[in-house]
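First listed ligand is number 1; within each ligand, the first listed atom is number 1. Counting begins at 1 with the first residue of the sequence. Owing to the predicted nature of the structure, the values given are computational and were not obtained by experimental measurement.
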Amino acid sequence: MTDINTIGVVGAGTMGNGIAQVFAQAGCAVRVVDALPAALDRAKQTIERSLAKFVEKGKLPAAERDAALARLSFGGSLDALAEANFVVEAIVEETGAKRALFADLDRITRPGVILSSNTSSISITALGAATKRPDKVLGMHFMNPVPLMTLVELVRGQATSAESMQTAMALCRRLGKTPVEAADYPGFISNRILMPMINEAICALMEGVGSPEAIDTVMKLGMNHPMGPLTLADFIGLDVCLAILEVLHQGLGDPKYRPCPLLRRMVAAGHLGRKTKRGFYEY
Ligand code: CAA
């Protein structure tokens with residue numbers, strides 16, 4: 001466990017850069033790999049802004065920010081991961097792309113290294129089956145925004161070993177996070193419960209039960225949720241919500257997971273939430 005000091009993070013998007021940041025803050029050398037140089041530049045800037053915020057608030061000494069930044073390196077080639085002792089994948093949510101990447105990581109990394117995925121809904125068992133080390137493949141599902149959210153959902157695939165799960169649990173604790181184990185069924189625990197709530201909020205809006213503000217206020221003030229479900233859907237991305245609901249609907253076969261037609265219509269219109277500046281609200 002103490003041997004884990006060099007982390008590979010593949011994918012420098014919102015989740016990848018947050019994951020890289022928390023490992024660097026925990027004292028690990030982190031190699032961030034993304035094929036797009038622009039994504040790497042954005043990731044660097046996002047991490048710098050996030051760390052600056054913590055320094056500003058007195059939550060992080062400036063020297064620790066500098067040390068964390070010095071532990072990060074960025075590049076376009078997976079070969080940089082030959083020396084990694086733990087890998088987290090956070091690329092696009094496409095089974096084919098992830099399976100191809102896991103096969104590459106299996107070739108490039110040392111045999112004992114755990115390969116984890118930040119996927120929110122793709123089968124860990126299917127990713128493990130793309131490698132010759134399915135016992136060392138697991139889900140490490142962080143929540144957005146990663147530097148602030150303390151949960152990590154650890155997903156155990158069909159072939160994942162107890163030892164790999166224990167190593168990942170201990171690593172999460174080193175990050176100051178709370179790991180929770182989930183089995184590899186569609187949506188794991190988090191999205192199995194979160195997405196039907198968001199979907200129901202969208203159905204309530206579609207049926208005119210309440211305005212977006214009314215629905216969100218009920219859940220914020222009535223249930224003490226930090227964000228109402230429609231605000232949260234805009235934050236996550238409506239395309240992401242739809243994709244996860246499709247996985248639940250197809251994978252579990254129960255009509256209760258049927259994506260709301262209004263959600264489909266908004267995604268078709270390109271109103272995807274905060275990232276397109278328009279979803280249930282305008283930004
Ligand atoms: N790094 C550092 N600081 C950050 C930050 C980051 N990445 N992101 C936000 N902050 C800062 C903000 O800038 C803000 O700072 P100021 O007070 O100086 O303005 C501070 O954190 C608090 O933010 P907000 O003012 O926006 O207020 P908040 O109290 O609402 O906190 C929140 C924000 C933590 C995001 C909170 O709203 C929350 O917990 N929301 C729910 C988030 C959630 O449910 N995430 C899970 C989504 S599901 C998922 O990720 C998985 C999936 O598979 C879909």
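- Here the CZ atom belonging to Arg258 is positioned 11.5 Å from the CD atom belonging to Glu246, to the nearest 0.5 angstrom.
- Within the 4.0 Å heavy-atom criterion, neither part of Val240 lies near ligand 1.
- When heavy-atom distances to ligand 1 are checked against a 4.0 Å cut-off, Val146 has no atom that comes that close, whether in backbone or side chain.
- Closest approach of Glu181 and Met169 over heavy atoms only: CB-CE, 3.8 Å.
- Asp106 meets the salt bridge (Lys or Arg N to Asp or Glu O under 4.0 Å) test with Arg133; sequence neighbours excluded.
- Within the listing of ligand 1, atoms 7 (N) sit less than 4.0 angstrom from a heavy atom of Pro147.
- Atoms NZ and CD1, from Lys98 and Ile91 in turn, are 5.5 Å apart once rounded to the nearest 0.5 Å.
- At a heavy-atom cutoff of 4.0 Å, ligand 1 is contacted by both the backbone and the side chain of Asn144.
- The distance from ligand 1 to the heavy atoms of Pro145 drops below 4.0 Å at these ligand atoms: 7 (N), 35 (C).
- Under a 4.0 angstrom heavy-atom cut-off, Ser190 registers as lying outside contact with ligand 1.
- The neighbour count for Tyr281 OH, taken as heavy atoms of other residues, nucleotides or ligands under 6.0 Å away, is above 12.
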Atom pairs and distances, side-chain donor-acceptor, residues 44-64, under 3.5 Å, sequence neighbours left out:
unit_1	atom_1	unit_2	atom_2	d
Thr46	OG1	Arg42	O	2.8
Ser50	OG	Gln21	OE1	3.2
Ser50	OG	Gln21	NE2	2.9

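- Separating the OG1 atom in Thr95 from the CG atom in Leu127 is a distance of 7.5 Å, to the nearest 0.5 Å.
- The closest side-chain donor-acceptor pair between Thr231 and Asp216 falls under 3.5 angstrom.
- Only the side chain of Lys53 comes within 4.0 Å of ligand 1, judged by heavy-atom distances.
- Within a 4.0 Å radius of atom 25 (O) of ligand 1, the protein contributes no non-hydrogen atoms.
- When heavy-atom distances to ligand 1 are checked against a 4.0 Å cut-off, His141 comes that close only through its side chain, counted from C-beta outward.
- Close approach of ligand 1 to Asn191 (heavy-atom distance below 4.0 Å) involves ligand atoms 52 (C), 53 (O), 54 (C).
- In this structure, atom 8 (N) of ligand 1 has protein heavy atoms in its sub-4.0 angstrom surroundings.
- At a distance under 4.0 Å, no protein heavy atom can be found next to atom 30 (O) of ligand 1.
- Counting only non-hydrogen atoms, the option in Pro229, Ala52, Ala233, Ser50 that gets closest to atom 2 (C) of ligand 1 is Ser50.
- Each of Val10, Thr131, Val137, Val113 was scored for a side-chain contact (heavy atoms from CB on, under 4.5 Å) with Leu105, with one residue passing: Val10.
- Using 4.0 Å as the threshold, Lys57 has a heavy atom nearer than that to some atom of ligand 1.
- Between Phe23 and Phe86, the ring planes lie tilted relative to each other; the angle falls in the 30° to 60° range.
- If you check each of Ile244, Ile47, Leu232, Leu148 against atom 10 (N) of ligand 1, the one with the closest non-hydrogen atom is Leu148.
- Checking atom 38 (C) of ligand 1 against the protein gives a heavy-atom contact under 4.0 Å.
- Of all atoms in ligand 1, numbered sequentially from 1 with element shown, those under 4.0 Å from a heavy atom of Met149 are 39 (O), 42 (C), 43 (C), 45 (N).
- Within a 4.0 Å radius of atom 48 (S) of ligand 1, the protein has at least one heavy atom.
- Less than 4.0 angstrom separates atom 33 (C) of ligand 1 from none of the non-hydrogen atoms of the protein.
- Under 4.0 Å is where a charged nitrogen must lie from a carboxylate oxygen, and between Arg31 and Glu83 no such pair does.
- Nearest protein heavy-atom contact of atom 36 (C) of ligand 1 is Pro226 CB, 4.0 Å.
- Note: Gln158 CD to Ser123 OG = 9.5 Å, rounded to the nearest 0.5 Å.
- Between Lys275 and Asp234, none of the side-chain N atoms (NZ, or NE/NH1/NH2) sits under 4.0 Å from a carboxylate O, so this pair counts as no salt bridge.
- For atom 51 (C) of ligand 1, the nearest protein heavy atom lies under 4.0 Å away.
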